[in-house]
Undergrad: 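This structure is in structure tokens; I'll ask about it shortly.
Computed from heavy atoms alone, side chains included, the values below leave out hydrogens, waters and symmetry copies.
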Amino acid sequence: MAPERLSPAQARRTALAAQGFADRAPSGTPTMAHLKRVVGRTGLLQMDSVNIVARAHFMPLYSRLGSYDPDLLHRAAWQPVRGKRLLVEYWAHEAALIPVDDWPLFRWRMDEFADGRYRHTREVMRRNRSLAEDVRSVIEEIGAAMPRTIEEKLGIEREPGTAGSWWQRGEIKHLCEAMFAAGDLSAVRNGNFMRHYDLTERVVGADIAAQHPDRAQAHRDLVARAARSLGVATVADLADYYRLKPADARPAVADLVDAGVLHEVSVEGWRDPAYLADGAPMPRRIDTSAILSPFDPLVFFRPRAERLFDFHYRIEIYVPEHKRVHGYYVLPYLLGTDIAARVDLKADRRSRTLLVLGAFCESGHDRGVVAERLADDLRTFAGWLDLDDVSVGTKGDLARDLRAVMGC
């Protein structure tokens with residue numbers, strides 16, 4: 001039987017619904033139940049330390065719920081008031097918050113990172129195993145701690161001019177990172193985004209920490225979760241969601257097709273076969289608008305964003321200023337089923353102003369219509385960021401229309 005064929009518009013609606021953009025907006029203040037719903041859709045919240053506007057892990061909730069109290073995420077991940085912690089950090093799609101119950105699905109990755117994720121970290125661990133045991137003992141005694149607190153407890157002092165010394169400040173940090181990557185330690189964050197390392201069983205619970213699923217089954221479960229969050233996707237899309245190797249994702253996809261969890265389809269204009277998650281909704285219409293993080297699951301795999309939305313997107317933080325095309329921290333703007341614009345934003349907290357340093361309309365969209373909707377969303381966004389005003393600069397083909405609408 002020939003595979004089912006989807007139009008690009010159907011694929012977009014399916015993908016947006018899978019990510020929660022077709023869900024009913026909260027009628028009042030978003031609650032923990034709304035957070036659970038969003039994470040149930042996305043499966044993860046990618047983390048990033050850049051705070052030029054808002055840290056990346058806070059943004060997907062805002063993009064789907066509107067203005068919410070960021071304390072919801074703090075309570076879900078780092079400061080549970082009572083009961084079970086909902087989210088925990090691990091290397092999923094880069095550093096990410098994932099449901100605590102999904103933590104064992106990454107045991108195979110922890111095995112691969114047994115001595116750390118990076119070469120230098122592995123070197124530090126291999127020559128300092130006894131010190132790593134001392135680190136664990138300190139954490140066991142005093143609870144969640146930052147590396148410098150552990151150093152003080154161990155009596156380690158940094159000596160000037162001793163670069164590379166085993167006792168140089170920084171070695172403890174590498175050991176903590178290695179133990180985090182291996183699953184021996186977990187971590188919580190403070191308000192300054194600093195990791196405090198703790199015993200894994202104290203963070204995720206002893207029952208979850210003791211689980212060690214079969215590698216192949218974990219891959220199947222992760223691909224199934226990725227499919228649910230993507231709606232319709234290629235093997236490359238499915239593999240990237242949790243950073244699996246395509247060679248590991250392909251047999252998982254085949255098994256899920258056999259089980260009826262995935263259905264092979266073709267999408268007009270897509271070169272590779274696609275897979276539709278069983279039961280994935282395909283709304284007839286999606287009328288939404290949202291400012292997206294550069295690391296939102298809807299767009300964090302750039303080849304998919306280009307294939308799905310005809311949206312060529314690269315973050316330019318690490319590009320020299322004179323070579324940047326759109327700006328330093330450019331956020332996509334979703335309007336309906338299209339990414340209709342991108343805006344270079346900065347939260348100037350001293351002047352309590354959201355700066356729109358650049359505004360660019362995507363080809364084929366009416367600048368006036370986009371400016372009207374974007375203006376309202378920028379005002380709401382500024383309010384969520386606890387800023388009083390929005391100031392629009394002159395860079396970009398959408399800037400003049402946006403300035404006119406906003407009276408700048």
Undergrad: Any side-chain to backbone donor/acceptor pair from S186 onto D198? Under 3.5 Å, distance only.
TA: no
Undergrad: Can you find a pair of side-chain heavy atoms, one from L238 and one from L230, that are under 4.5 Å apart?
TA: yes
Undergrad: Check the orientation of H326 and F360. Use parallel for under 30°, tilted for 30 to 60°, and perpendicular for over 60°.
TA: perpendicular
Undergrad: Apply side-chain hydrogen bond (donor to acceptor under 3.5 Å, both in side chains) to residues Q211 and D207 and explain how you reach the verdict.
TA: CA-CA 7 Å; Q211 296 177 29; D207 55 336; 5.3 Å; no
Undergrad: After noting the C-alpha distance and the side-chain angles of D388 and R352, does the key distance pass the salt bridge (Lys or Arg N to Asp or Glu O under 4.0 Å) rule?
TA: CA-CA 6 Å; D388 298 328; R352 299 183 61 81; 2.7 Å; yes
Undergrad: Decide whether a cation-pi geometry holds between R342 and Y333; the criteria are a distance under 6.0 Å from NZ or CZ to the six-membered ring centre and an angle within 45° of the ring axis.
TA: no
Undergrad: Have a look at Y329 and tell me which of N51, L357, I315, L345 forms a side chain to side chain contact (heavy atoms under 4.5 Å, CB included) with it.
TA: I315
Undergrad: Which label fits F381 and Y62: parallel for a plane angle under 30°, tilted from 30 to 60°, or perpendicular past 60°?
TA: tilted
Undergrad: May I ask you to decide if R225's main-chain N or O and S229's side chain share a donor-acceptor pair within less than 3.5 Å?
TA: yes
Undergrad: Which pairs count as salt bridge (Lys or Arg N to Asp or Glu O under 4.0 Å) when at least one residue sits in residues 389-401, sequence neighbours excluded?
TA: R367-D401
Undergrad: Quick check against the 3.5 Å criterion: does R403 have a side-chain atom that pairs as donor or acceptor with the backbone of A399?
TA: no
Undergrad: With respect to V267, which candidate in L308, V232, T234 satisfies the side chain to side chain contact (heavy atoms under 4.5 Å, CB included) definition?
TA: V232
Undergrad: For R243 and H93, test the side chains for any donor-to-acceptor distance below 3.5 angstrom and give the result as yes or no.
TA: yes
Undergrad: Would you check, one step at a time, whether the test salt bridge (Lys or Arg N to Asp or Glu O under 4.0 Å) holds for R64 with D23?
TA: CA-CA 8 Å; R64 291 155 179 79; D23 292 345; over 6 Å; no
Undergrad: Would you find a donor on one side and an acceptor on the other, under 3.5 Å apart, between the side chain of N128 and the backbone of V124?
TA: yes
Undergrad: W91 ring centre to R117 NZ or CZ under 6.0 Å, with the angle to the axis within 45°?
TA: yes
Undergrad: Suppose we screen for ring-ring contact (aromatic ring centres under 6.0 Å, His included). Which residues come up paired with H174, at least two apart in sequence or across chains?
TA: H120
Undergrad: Answer yes or no: is there an ion pair linking D240 with K245, defined by an N-O contact shorter than 4.0 Å?
TA: no
Undergrad: Evaluate the side-chain contact (heavy atoms from CB on, under 4.5 Å) criterion for residues H263 and V257: first the C-alpha distance (whole Å), next the side-chain angles of each, then the deciding distance (0.1 Å), finally the verdict.
TA: CA-CA 6 Å; H263 306 282; V257 169; over 6 Å; no
Undergrad: Determine whether a donor-acceptor pair (N or O, by modelled atom type, separation under 3.5 Å) exists between the side chain of R136 and the backbone of M179.
TA: no
Undergrad: Indicate yes or no: does R349 engage D386 in a salt bridge with an N to O separation below 4.0 Å.
TA: no
Undergrad: Could you go step by step and tell me if D338 and R12 meet the salt bridge (Lys or Arg N to Asp or Glu O under 4.0 Å) rule?
TA: CA-CA 8 Å; D338 298 319; R12 283 196 298 274; 3.7 Å; yes
Undergrad: Do the non-hydrogen side-chain atoms of L73 and L45 ever get within less than 4.5 Å of each other?
TA: yes
Undergrad: Yes or no on salt bridge (Lys or Arg N to Asp or Glu O under 4.0 Å) for D248 and R215, after CA distance, side-chain angles and deciding distance?
TA: CA-CA 10 Å; D248 290 325; R215 177 189 176 97; 3.3 Å; yes
Undergrad: Distance-only, no hydrogens or angles: does the D348 side chain make a donor-acceptor pair with backbone N or O of S351 under 3.5 Å?
TA: yes
Undergrad: Measure the acute angle between the ring planes of H57 and F193, then classify it against the limits of 30° and 60° as parallel, tilted or perpendicular.
TA: parallel
Undergrad: Does the R202 side chain pair with the main chain of E140, one donor and one acceptor, at a distance under 3.5 Å?
TA: yes
Undergrad: Backbone N or O of R75 within a donor-acceptor pair of the W78 side chain at under 3.5 Å?
TA: no
Undergrad: Verify the neighbour count for atom NZ of K153: are there more than 12 heavy atoms of other residues, nucleotides or ligands below 6.0 Å?
TA: no
Undergrad: If only atom types and distance count, is the side chain of Y313 paired as donor or acceptor with the main-chain N or O of V330 below 3.5 Å?
TA: yes
Undergrad: Between E321 and Y328, is there a side-chain donor-acceptor contact under 3.5 Å, judged purely by atom types and distance?
TA: no
Undergrad: Under the 3.5 angstrom rule, does the side chain of H34 hit a backbone N or O of T31 as a donor-acceptor pair?
TA: yes
Undergrad: Taking everything shown except D310 itself, do over 12 heavy atoms lie less than 6.0 Å from its CG?
TA: no
